[in-house]
Amino acid sequence: MRAAERRALLGDDVIAHIHKCVEAAPEPTPDVIESLRRILTHPAGRVEELAPAADAA
């Protein structure tokens with residue numbers, strides 16, 4: 001979908017609200033970045049075994 005199509009569907013007010021929400025969001029933590037990297041680099045379900053989280057109970 002092109003930007004012009006998104007703008008036509010959502011409208012300028014909704015797009016401005018989305019941009020404000022994104023700006024207000026905190027930076028992702030290193031573990032989130034690593035999880036996303038695995039998802040984006042192995043999209044076909046070839047996930048490597050993960051070490052247990054330090055704070056997992």
Side-chain angles (χ1 to χ4, degrees):
M1 179 179 294
R2 295 188 171 117
E5 294 169 316
R6 281 192 301 272
R7 187 169 300 282
L9 286 171
L10 299 174
D12 291 334
D13 292 339
V14 171
I15 292 172
H17 176 73
I18 291 169
H19 284 279
K20 287 179 186 176
C21 290
V22 170
E23 289 172 10
E27 290 293 319
T29 59
D31 60 316
V32 170
I33 292 172
E34 182 59 30
S35 294
L36 291 173
R37 183 174 290 122
R38 279 195 307 276
I39 291 167
L40 295 173
T41 58
H42 301 289
R46 298 179 310 254
V47 177
E48 300 168 14
E49 187 64 32
L50 302 176
D55 56 56

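A salt bridge is absent between R2 and E5; no separation between the charged side-chain nitrogens and carboxylate oxygens falls under 4.0 Å.
Minimum heavy-atom separation, M1 to R6: O-NH1, 2.9 Å.
In this structure, CD1 in I33 is found 7.5 Å from CD in E27, a value given to the nearest 0.5 Å. We find the CD1-CG distance between I18 and D13 to be 11.0 Å, quoted to the nearest 0.5 Å.
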Evaluate K20 against E23 for salt bridge (Lys or Arg N to Asp or Glu O under 4.0 Å), listing each step before the verdict. CA-CA 5 Å; K20 287 179 186 176; E23 289 172 10; over 6 Å; no
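In this structure, the side chain to side chain donor-acceptor pair (under 3.5 Å) partners of R7, at least two apart in sequence or on a different chain, are D12.
Within a 6.0 Å radius of CG in D31, other residues, nucleotides and ligands contribute more than 12 heavy atoms.
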